[in-house]
Chemist: 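I'd like to ask you about the structure that follows.
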Amino acid sequence: MIGLVTLAVSMMSTPELSWTEAAPGVWRAQIGKKDSPTLLEAAGAEPALDRMSSPAKRALPFDLDAVRGGLAAGRAFASVPLGKTEKIFGFGLQFQGSVRRGRVFHLKVDHYDDGQDETHAPVPLYVSEEGYAVLFNSPRHLAVYPGLGNRLDEPSNPPIRDRNTDPKWQAQPFSGMVEASATAPGMEILIFEGPTPMEAIERYNLYSGGGTLPPKWSLGFWHRTPTNATAEAIEAETTEFEERGYPLDVIGLEPGWQSKAYPGTFDWSDRLYPDPSGFVKKMTEKGLHVNLWENPYFSPQSSIYEEMKPHFATHMVWMGAVPDLLHKGASEKVMAHHARTHLDIGVSGYKIDEVDGYDQWLWPDHAMFPSGIGGEQMRQIYGSVWQRELDGMFRSRNQRTLGLVRASNAGAAKLPFAIYSDHYDHGEFIAAQISTGLAGVLWCAEIRSASNSEEWVRRMQSACLSHIAQLNAWSSGTKPWSFPEVEDEVRTAMMQRISLFPYLYTSFAKYWRDGTPPIYPMALVDGGTETDQYMLGQDLLVAPIITGTKKRNVRLPKGLWYDYYSGDRFEGGSTIEVEPPLDQIPIYVRSGSVIPTIEPALHLKDALDDPLLILRRYGTGPAQADLYDDDGETFDYEKGEGAWIDLSVVGETVTQTVEAGAWESIYKRIKLLKVGAG
Ligand code: GAL
């Protein structure tokens, strides 16, 4: 009898994990066997050790020995301590907020489904208000049980209550663990120290390689043209942007640019683009960059179909053969074709579509890929691998890009792509944008269409304060001026985006250098759970207006805040009600900061030609701004070819401090603009 009891207990206990400090403040343990490629490997993530340092205070709220993990029921599992009321946030791109307790999450790459567990980027990362983050680095369908389920041998279990007599009995008793498991031979688990939640996220982003620093042009306005637009129609459209005075930096071509689509050829259409090189050259001369849509599955009519044959998976997507970019030689062929027929003639980037779609168009779990990877795992990493390979091609040319992608996962911070969706709910788009700051991904809150002019303006305003400001007219054929009664308000929103360039570019540079997300939720400021207001960089709080709403509440964290437009002053630590005019999206400026802006122009390259730096100053106290500049196009900044400028304002005097020998910035002329009475 005694022997049997001992056996039962030892079967349930879990072996201790062995932890190593993989980078300063990053703890790593392997459960079972390595399951390659992990999410981080698939994204090509390499820790930016040169930019990482040990935490100021070394304390996790639990002992690493209390983290458990093992193999059970054919699954690899991990179990991380969780406090009774501890708030955790995360699990990737989320459309309904990122507070994570009280339900099981099944993390699968998919297009928008419930917007919570099957999503475009279900990054298995959470951050705790206690100031640490956890990544389950598993390339599998992961089930996560945050504070749900009780292990028999868990010391933090609550007392057992008698339901017959005790009104405090609970159907969901407290569980002091976040457990995660997947059908896999093993799983890597990584714990990122803070000591604050923001520092834990920064550490995660730096461990992924540091955030991407996009080329300057990509922070301008993007317009995607109708699917079957001809080269002439696009030229005419870009001219109309100029004539009507709307800014434009990127022109996106949709499926029609290819000789066949769904499945595609990756070759130009002779019919719509008889002279691709001449077309791209004309765009370049106008100061525009060309982005190509791709659904990355091959038509037999592609010029490289035959050479790609050894690299296709067992299953197709919409009758297109699916290339395995992890199979030896495959990526080289695809990238060589891209380089030769697109980049060499001046194409600047890509939009990689439909690499999500778990329950619809993608391959089944039992599909096999020539590199030996099965269908389930490949779905979790396919978008990351495409991003990684395209990024590699651009890097090898010392040329930066920014593109779009429909699926991503952990380790993607340094990959120059923003996620987008066919789901088109304005409020959920804003929630999704906010959640990116917890996941090391970017988001494009694109505008496509609207049911009335008010919606057109309100959506344009929030699209313009997203990572990529884009009008996607692939199906709607809309133009910024499609609603004539609001054409001025729409232009104002687009011009505001251009004027904020120095501030936005500096925020991205901080993403690269410090890991600080360029857009982040209140969760990383003071534990706030809002899904409708966010930080744009470290000094601006944005509170978008959703169509049909005239007034809204904005919660201002502690400290003083100023209205971006009027300079009106607000005492933080309070909630204010605002009713902005139609041409303003509410923005609040953190006291003590100055906001670097420029005079807008129709193309960024013109706006950045000997720009007048306008420092928007709020209040009367001393204020400061960081300003970053570099060549904006190459990766030379990674070798120190950039300038960090400290701008200090006292009274009417601006003092600039730049490190000796730094890259010579474009900002030679400065004007201090006092906004409001302060
Ligand atoms: C969709 C995509 C749209 C557009 C369209 C073209 O999947 O989300 O943005 O590119 O395909 O067919």
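Atoms within each ligand, like the ligands themselves, are counted from 1 in listed order.
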Chemist: Quick check on ring-ring contact (aromatic ring centres under 6.0 Å, His included): which of Phe429, Phe417, Tyr420, Tyr520 does Trp443 satisfy it with?
Modeler: Phe429

Chemist: May I have all residue pairs that pass salt bridge (Lys or Arg N to Asp or Glu O under 4.0 Å) and include part of residues 409-419, sequence neighbours excluded?
Modeler: none

Chemist: Could you list the residues that satisfy side chain to side chain contact (heavy atoms under 4.5 Å, CB included) with Thr119, not counting sequence neighbours?
Modeler: Leu93, Gln94, Phe95, Pro122

Chemist: Among Trp318, Phe298, Trp361, exactly one meets ring-ring contact (aromatic ring centres under 6.0 Å, His included) together with Tyr262. Which residue is that?
Modeler: Trp318

Chemist: Can you list everything that forms a salt bridge (Lys or Arg N to Asp or Glu O under 4.0 Å) with Glu633? Sequence neighbours excluded, please.
Modeler: none

Chemist: Is the Tyr305-Phe266 ring centre distance short of 6.0 angstrom?
Modeler: no

Chemist: Might you list the protein residues in contact with ligand 1, defined as having a heavy atom under 4.0 Å from one of its atoms, sorted by chain and number?
Modeler: Glu254, Pro255, Tyr262, Trp293, Lys351, Asp353, Glu354, Arg406, Tyr420, Asp422, Arg448, Asn472, Trp474

